[in-house]
Amino acid sequence: MLSQSLQKLARRAVAPTRRTFQKGALPAWATVDPWAMSGAAPAKGRNFVDGEWRDAAHTKTIPDPLNGEAFLEVPDAQGADLDPFVDAMRRTPKSGLHNPLKAPEKYFELGECNALIGAALRDEDTQNFFAELLQRVVPKHDKQVLGEVTTVRKWVEGFAGDGVRRLAQATSLPGDHAGQETRSYRWPYGATSVITPFNFPLEIPALQSLASVWMGNKCTVKIDERVQIVYEQFLRLCHACGFPKDALDLIYCSGPAFNDVLIRGDAKMTLFTGSQAVAEKLTLDLRGKVKLEDAGFDWKILGPDVDDFEYVAWQADQDAYAFSGQKCSAQSICFVHENWEAAGFTAKIKETAAQRNVGDLSAGPVLSWSTDKMLDHVGKVAALPGAKVVFGGRKLAGSEAFHAAYGGLEPTAVEVPLATMLASPETFELVTTELFGPFQVLVPYASAELPAVLEACERMTNHLTAAVVSNDANFANAVLGATVNGTVYAGRRARTTGAPQNHWFGPCGDPRSAGIHTPDAIRLCWSSHREVIADVGPVGHDWTAPAPT
């Protein structure tokens, strides 16, 4: 344990190197200053329910990940503070706040609102505001936080104008006689909720919650309270752009407290992003009324055709170590064909990973695993027969300044033989445990061992993202045809991370699988099918009732 004086020196060594985004005029709706929030001047968060911003009887402080200062104070709703959220859920009609037959003008109004939100996010001062605030609560490289803001902006712009209205597009089919026609509608659930983790404080909750409201639902949002201040500011921006204040509530509380809200409020659909254990608990507690974007132990397979070597190695480093590996789409395991190994693939990604550092936040604090826990896991995997640490495996330089609860690990790779990985269920479980940090497993293989590689993919239990790095169509088809991951890139430029706003992102292989980004994903998650059969006649004047049957 460092002395307090050494800790202070370490903090001074880290903090000044973080480049801040250019500060302009704070937006009129903003209630925090991300450039000024500190232990001496902590920012404050508030709940939103029944159209009002509210405080709670209890609060909690949030530490700055880079230096441990209590730079944020947020509500900690519990007890009576939860009741308004429960009541709001229970008051929401099952037919939603709007639907194709009730208040259909809301579709157009929300599209107009989206145009204003998109325009606001194009403003440089607003963009920098969110980028700076994101970087304060989840320290990651400038390009990573800017990418999050840009993705939200592009996505919202894509549903401006008539974009929301088109989500409710219906179909019809002629009936059996004159006056009969069947119509298919996308119908809201009513009271819904969104639960998201810390790693994407703006992109994931913004996309999921707005999509719920667009389809006619009321949505209650709960994000990891360490980062929820970002979404709170986004909601304030939305209100300033005309977003309806009765459509969405925001609560700062613990996981168990929100679980109580969902059960007592009888939430009709909950979209959960996060750990598999919590996902399974919610499935039981909410009687299956869930959609899940669960944990991701994501694989990449390098095929036999070696080309574009520098690019493929760079992308592998990005997939495994950008944002210190804290993406549900991060590359957790890479099956490296012997041709790539002979070309020096491992040595190249080692060289690239060595350039990462705390100074520019290309490496940073791990918010869900401590340093000791990460090093312990690395040691266990490296101790398997034939396994070895090929690089990393040490505490991250500069991480002494991080808050004590957060970890710091050098970008790390452990090589494990394919035969060892498949030797026993216990070994396989250890190798495929998702360390939510800068860690990956490298597994060399030969062409004749592809069936064993596919067996490993079959045994895995999470199927979010994957990559098949090969321009050999036969090889790629063999892999794609034998696997189920929901978002898969195939080709020489294949990656596991960095999904833009234009395509589906989500797992596969589970009826509960959730998706974001696309109109199909929005309809799947946030509406159900309703069939209305119009049968208005006429009934012929000479009609007589037949005998009962």
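We number each residue from 1, following the sequence as shown. Just the heavy atoms: all of them, side chains too, but no hydrogens, waters or symmetry mates, feed the values below.
Taking every heavy atom of both residues into account, Val156 and Leu210 meet most closely at CG2-CD1, 4.2 Å. Contact record, Arg226 with Asp224: NH2-OD2, 2.7 Å, taken as the closest heavy-atom pair. The shortest non-hydrogen separation linking Arg495 to Ala467 is O-CB, 3.5 Å. The two residues Tyr185 and Pro100 have their closest heavy-atom pair at CD2-CB, 3.7 Å. Across all non-hydrogen atoms, the minimal contact from Ser513 to Pro507 is CB-O, 3.4 Å. Nearest heavy-atom pair, Pro75 versus Ala56, reported as atom, atom and distance to 0.1 Å: CB-CB, 3.7 Å.
Applying the ring-ring contact (aromatic ring centres under 6.0 Å, His included) test to pairs two or more places apart or on separate chains, none has a residue in residues 453-482. Counting only residues at least two apart or on different chains, the salt bridge (charged side-chain N to carboxylate O under 4.0 Å, His left out) pairs with a member in residues 207-220 are Lys218-Asp249. For residues 480-510, the set of pairs meeting the ring-ring contact (aromatic ring centres under 6.0 Å, His included) definition, not counting sequence neighbours, comprises Tyr489-His503. Annotation: ring-ring contact (aromatic ring centres under 6.0 Å, His included) contacts involving residues 263-299, sequence neighbours excluded, are absent. Listed by first and then second residue, the salt bridge (charged side-chain N to carboxylate O under 4.0 Å, His left out) pairs that reach into residues 520-529 are Asp520-Arg523, sequence neighbours excluded. Applying the salt bridge (charged side-chain N to carboxylate O under 4.0 Å, His left out) definition to pairs two or more places apart or across chains, those involving residues 155-170 are Arg122-Glu157, Arg153-Glu157, Asp162-Arg165. Pairs passing the salt bridge (charged side-chain N to carboxylate O under 4.0 Å, His left out) check and including a residue from residues 251-265, sequence neighbours excluded, read Asp83-Arg264, Asp260-Arg264. Residue pairs meeting the ring-ring contact (aromatic ring centres under 6.0 Å, His included) criterion with at least one member in residues 241-260, sequence neighbours excluded, do not occur.
Tested against Leu262, the residues Val86, Val290, Ile195 include a single side chain to side chain contact (heavy atoms under 4.5 Å, CB included) partner, Ile195.
Within the 4.5 Å cutoff, side-chain heavy atoms of Val230 are placed close to those of Val137. Side-chain contact between Lys300 and Gln315: present, with at least one pair of heavy atoms (C-beta onward) separated by less than 4.5 Å. Looking only at side-chain heavy atoms (C-beta outward), Leu302 and Cys334 come within less than 4.5 Å of each other. Within the 4.5 Å cutoff, the side chain of Asn199 has no heavy atoms near those of the Val138 side chain. Gln331 has its side chain out of reach of Tyr321: every pair of non-hydrogen atoms, C-beta onward, lies at least 4.5 Å apart. Between Leu292 and Thr283, the closest side-chain pair of non-hydrogen atoms falls below 4.5 Å. Residues Met89 and Thr220 have side chains in contact (heavy-atom distance under 4.5 Å, counting atoms from C-beta outward). The side-chain heavy atoms of Arg54 and Pro84, taken from C-beta on, include a pair separated by under 4.5 Å.
Leu146 contributes atom CG, which lies 7.0 Å from atom CG of Asn128 (distance to the nearest 0.5 angstrom). The line from CG of Leu202 to CG of Leu133 is 9.0 Å long, rounded to the nearest 0.5 Å. Atom CG in Leu82 sits 8.0 Å away from atom OG in Ser254 (nearest 0.5 Å). Atom NE2 of His141 is separated from atom CD of Gln135 by 8.5 Å, given to the nearest 0.5 angstrom. Atom-to-atom distance recorded for Arg236:CZ and Arg46:CZ is 7.0 Å, nearest 0.5 angstrom. For the atom pair CD1 of Ile223 and OG1 of Thr196, the computed distance is 4.5 Å after rounding to the nearest 0.5 Å.
The number of heavy-atom neighbours closer than 6.0 Å to NZ of Lys268, taken from other residues, nucleotides and ligands shown, is above 12. At most 12 heavy atoms of other shown residues, nucleotides or ligands fall within 6.0 angstrom of atom CD in Glu124. A 6.0 Å sphere centred on CD of Glu112 holds more than 12 heavy atoms belonging to other residues, nucleotides or ligands. The environment of Glu105 atom CD is dense: over 12 non-hydrogen atoms of other residues, nucleotides or ligands sit within 6.0 angstrom. Enclosure of atom NZ in Lys102 by more than 12 non-hydrogen atoms of other residues, nucleotides or ligands within 6.0 angstrom is indicated. Within 6.0 Å of atom CZ in Arg459, more than 12 heavy atoms from other residues, nucleotides or ligands are found, so the atom counts as buried in its surroundings.
Lys44 and Glu232 are not joined by a salt bridge, as no carboxylate oxygen comes within less than 4.0 angstrom of a charged side-chain nitrogen. A salt bridge does not link Asp266 with Lys94: none of the charged nitrogens is closer than 4.0 Å to a carboxylate oxygen. Ion pairing between Arg492 and Asp305 holds under the 4.0 Å rule for side-chain N and carboxylate O.
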*Check step by step if side chain to side chain donor-acceptor pair (under 3.5 Å) holds for Gln276 and Thr461.*
CA-CA 10 Å; Gln276 189 66 35; Thr461 56; over 6 Å; no
*Check against side-chain contact (heavy atoms from CB on, under 4.5 Å), Gln180 and Asp535*: CA-CA 4 Å; Gln180 187 185 75; Asp535 204 349; 3.0 Å; yes
_Set out, in order, the CA-CA distance, both residues' side-chain angles and the distance that settles side chain to side chain donor-acceptor pair (under 3.5 Å) for Gln501 and Lys154, then state yes or no._
CA-CA 7 Å; Gln501 80 292 336; Lys154 288 182 177 180; 4.9 Å; no
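Taking the six-membered ring where tryptophan is involved, the planes of Phe130 and Trp29 are essentially parallel, since the angle between them stays under 30° and well short of 60°. Using a 30° and 60° split on the angle between ring planes, Phe48 and His239 fall in the tilted class, from 30° to 60°.
Legend: residues meeting ring-ring contact (aromatic ring centres under 6.0 Å, His included) with Phe439, ordered by chain and number and at least two apart, are His377. With sequence neighbours excluded, no residue forms a salt bridge (charged side-chain N to carboxylate O under 4.0 Å, His left out) with Arg90. Partners of Arg91 by side-chain contact (heavy atoms from CB on, under 4.5 Å), not counting sequence neighbours, listed by chain and number: Asp50, Asp87, Ala88. For Lys281, the salt bridge (charged side-chain N to carboxylate O under 4.0 Å, His left out) partners at least two apart in sequence or on another chain are Asp285.
Side-chain atoms of Ser193 and Thr270 form a donor-acceptor pair, as typed in the model, at a separation below 3.5 Å. Side chains of Glu531 and Thr182: a donor on one and an acceptor on the other come within 3.5 Å. Side-chain atoms of Ser332 and Gln440 form no donor-acceptor pair, as typed in the model, at a separation below 3.5 Å. For the residue pair Gln144 / Lys327, a side-chain donor-acceptor distance below 3.5 Å is found, with atom types taken as modelled. A side-chain donor from one of Ser209 and Tyr231 sits under 3.5 Å from a side-chain acceptor of the other.
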